[in-house]
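Read through the structure below, which is laid out as structure tokens, and then see the notes.
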Number of protein chains: 2
Amino acid sequence: MKRPTPGISAAERIRNSARELFYNNGIRGVGVEEIVQNAGVTKPSLYRAYESKDGLAAVYLDEFYHSCRTRFEEAEADFPDDPRGQILAYFDGMAERASRPAYRGCGLTNAILEFPDRDHPVRREAARLKQAMADWIASRVRLLDVRDPEALTAGLVLLMEGVFVAGQAFAPPGPSAHAGTVARLLLDV
Amino acid sequence: MKRPTPGISAAERIRNSARELFYNNGIRGVGVEEIVQNAGVTKPSLYRAYESKDGLAAVYLDEFYHSCRTRFEEAEADFPDDPRGQILAYFDGMAERASRPAYRGCGLTNAILEFPDRDHPVRREAARLKQAMADWIASRVRLLDVRDPEALTAGLVLLMEGVFVAGQAFAPPGPSAHAGTVARLLLDV
DNA sequence: CAGCGTAGGTACCGATCGGTAACATCGCCA
DNA sequence: TGGCGATGTTACCGATCGGTACCTACGCTG
């Protein structure tokens, strides 16, 4: 019937559907039935390709992290040998994205807040990848000659997480629109 | 049977139980059955005192906001006519609390992230109260003589939200431990 | 002491959740 | 052409969800 399968496997369709739904509605807010319907496949196809909903969520988180890494690498490529410019490029991009009306922040941060149980596998995976994001900021600050690198790193990480959350919590344009300006304040101390 | 009613009404016991469970496990992560069991009452008592689980959640959010207001007022009382000192007192307190192992952040922020649907009544109530928290910071900054009050307000709000989230996301002591230091960086520009 | 209103308890409802068993059917390749 | 792996179809499971109907038993007031 719906046998066209235009070159896209069921597993991939499910992954794309889950990415969209998990990001926009949260992991707990989406049922597996909705995922497969949105993908145009059926439930057994999901469980043939992924071990569980949590397993699919972990794949989604990994994909999300890699999209973040891509942003980091773009900032590095646009400002070679200029860690300060790389940091500012990233926060300027955040300010722009977080000012859009339907902004939904960071899939990793959202997942951590959605799963308060620190032992839950989804939460653990999200926290692991989130730490890697913080590590990137720390690696940039380490290349800078500043008085208190630890405090600056902390400030930039807190700023990043603040933008992720405030972009959703306040009516746009909220405080997140000033992310670039605030990053400059912190860097110019 | 358990008719003693030691001066505490069923409604109040349920409110206390819900506050503890909602804060520690999230609103969606707690069922009404667990709430009433933890309160030592039964389900019909919950629905006699509150119109629904969402209604009870709204009461929980209101209570949480008032506990935040209390912190604000304490900071104002401790540093009268010193808005800078009031802000720093608040962020120093946050840094201390957010460094504790089982820190769970802000009930309002958590609720906003838990309910991605902007039209959901719980989400709307949480967002309304969260805006009031940001307004307090704005009111303090307005008393300061700074170059860019809008950017400073945004920076402090983003810092506050960042601490709420990072306190849960990173292994303690994470970046949130530097909240006070970062607030000083922003204020001393 | 009679009677009534209120709060408590038991048991249940329909809906939805994540996950699975069993079988039909397709496209592809030897 | 025969067979195999991937997918679709249908029906179902047990658990849990938020919410409620119904009856009991207390405590206050006449």
Side-chain angles (χ1 to χ4, degrees), chain A residues 1-19 21-22 24-61 111 114-117 119-123 125, chain B residues 1-19 21-22 24-61 111 114-117 119-123 125:
Chain A
M1 179 196 289
K2 196 190 299 153
R3 312 266 58 265
T5 312
I8 303 172
S9 73
E12 191 172 350
R13 297 170 70 91
I14 291 168
R15 224 186 321 124
N16 293 336
S17 170
R19 173 174 40 233
L21 292 172
F22 281 160
N24 288 318
N25 302 100
I27 294 172
R28 302 185 62 156
V30 175
V32 294
E33 189 63 48
E34 190 180 354
I35 294 174
V36 297
Q37 278 187 13
N38 181 257
V41 300
T42 53
K43 224 191 291 189
S45 292
L46 191 157
Y47 286 96
R48 279 183 205 113
Y50 306 94
E51 78 169 50
S52 64
K53 183 193 178 185
D54 285 354
L56 178 58
V59 171
Y60 152 69
L61 294 176
E114 257 191 294
F115 292 88
D117 178 5
D119 293 330
H120 193 291
V122 173
R123 158 73 175 251
E125 179 70 356
Chain B
M1 178 196 291
K2 197 185 305 151
R3 316 263 56 267
T5 312
I8 304 171
S9 74
E12 190 171 351
R13 298 170 68 90
I14 290 167
R15 224 186 322 120
N16 293 336
S17 171
R19 178 182 332 128
L21 291 172
F22 280 161
N24 289 318
N25 302 99
I27 295 171
R28 302 184 62 157
V30 175
V32 293
E33 188 63 49
E34 191 180 354
I35 293 174
V36 296
Q37 278 188 14
N38 181 257
V41 301
T42 52
K43 230 193 282 192
S45 293
L46 190 156
Y47 286 95
R48 268 189 286 270
Y50 306 94
E51 80 170 48
S52 64
K53 183 193 176 184
D54 285 355
L56 177 58
V59 171
Y60 153 69
L61 294 176
E114 257 191 296
F115 293 87
D117 178 5
D119 295 329
H120 193 290
V122 173
R123 158 73 177 252
E125 179 70 357

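All of these numbers come straight from a predicted model, not from anything done at the bench. Hydrogens, waters and symmetry mates play no part in the numbers below; they use all other heavy atoms, side chains included. Proteins come first, then strands; the chains are lettered A, B, ... in the order of their sequence lines, and each starts at number 1.
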Task: Pairs involving residues 32-47 of chain B, ordered by first then second residue, that meet salt bridge (charged side-chain N to carboxylate O under 4.0 Å, His left out) (sequence neighbours left out) - done: B:Glu33-B:Lys43
Task: B:Gln37 CD to C:dG8 C1', straight-line distance once rounded to whole Å - done: 15 Å
- [ ] For C:dT20, take OP1 and OP2 only and decide whether either is under 4.0 Å from a side-chain N or O of A:Tyr47.
- [x] no
Open item on the list: Nearest whole Å is fine: how far is C:dA7 P from B:Ile14 CD1?
Closed with: 11 Å
TODO: State which residues pass side chain to side chain donor-acceptor pair (under 3.5 Å) with A:Asn38; sequence neighbours excluded, sorted by chain then number.
DONE: A:Ser17
TODO: Assign each of B:Pro44 and A:Lys43 to its nearest nucleotide of DNA chain C by heavy atoms, then name whichever residue's nucleotide is nearer the 5' end.
DONE: B:Pro44
TODO: Give, ordered by number, those residues of residues 27-34 of chain A having at least one heavy-atom distance below 4.0 Å to an atom of DNA chain C; if nothing qualifies, reply none.
DONE: A:Val30, A:Gly31, A:Val32
Open item on the list: Pair A:Val32, A:Leu56 - check side-chain contact (heavy atoms from CB on, under 4.5 Å), show working.
Closed with: CA-CA 10 Å; A:Val32 294; A:Leu56 178 58; over 6 Å; no
TODO: Starting from P on D:dC17, measure out to CG on B:Leu56 and report it in whole angstrom.
DONE: 15 Å
Open item on the list: Tell me the interatomic distance from A:Tyr50, atom OH, to C:dG18, atom P, rounded to whole angstroms.
Closed with: 16 Å
Open item on the list: Among residues at least two apart in sequence or on other chains, which ones pass side chain to side chain contact (heavy atoms under 4.5 Å, CB included) with B:Ala49?
Closed with: B:Ala11
Task: By side chain to side chain contact (heavy atoms under 4.5 Å, CB included) - contacts of A:Arg19 (at least two apart) - done: A:Asn16, A:Tyr60, A:Glu63
TODO: Determine the contact category for A:Ser45: base if any of its heavy atoms lies under 4.0 Å from a base atom, sugar-phosphate if only primed atoms, P, OP1 or OP2 are that close, otherwise nothing.
DONE: sugar-phosphate
TODO: Measure the distance from NE2 on A:His120 to P on C:dG18 and round it to the nearest whole Å.
DONE: 11 Å
Open item on the list: Quick test of your reading: applying salt bridge (charged side-chain N to carboxylate O under 4.0 Å, His left out), list the pairs with at least one residue in residues 48-59 of chain B, sequence neighbours left out, ordered by first then second residue.
Closed with: none
TODO: Measure from the side-chain heavy atoms of B:Thr42 and tell me the nearest of D:dG18, D:dG8, C:dT10.
DONE: C:dT10
Task: Value in whole Å for how far the P atom of D:dA6 lies from CZ of A:Arg13 - done: 17 Å
Task: Nearest-angstrom distance from the residue atom CZ of B:Arg48 to P of C:dG9 - done: 9 Å
TODO: Would you sort out whether A:Val36 and A:Ser45 count as a side-chain contact (heavy atoms from CB on, under 4.5 Å), showing the intermediate values?
DONE: CA-CA 8 Å; A:Val36 297; A:Ser45 292; over 6 Å; no
- [ ] Report the distance from atom CG of A:Asn25 to atom P of C:dC17, rounded to the nearest whole Å.
- [x] 12 Å
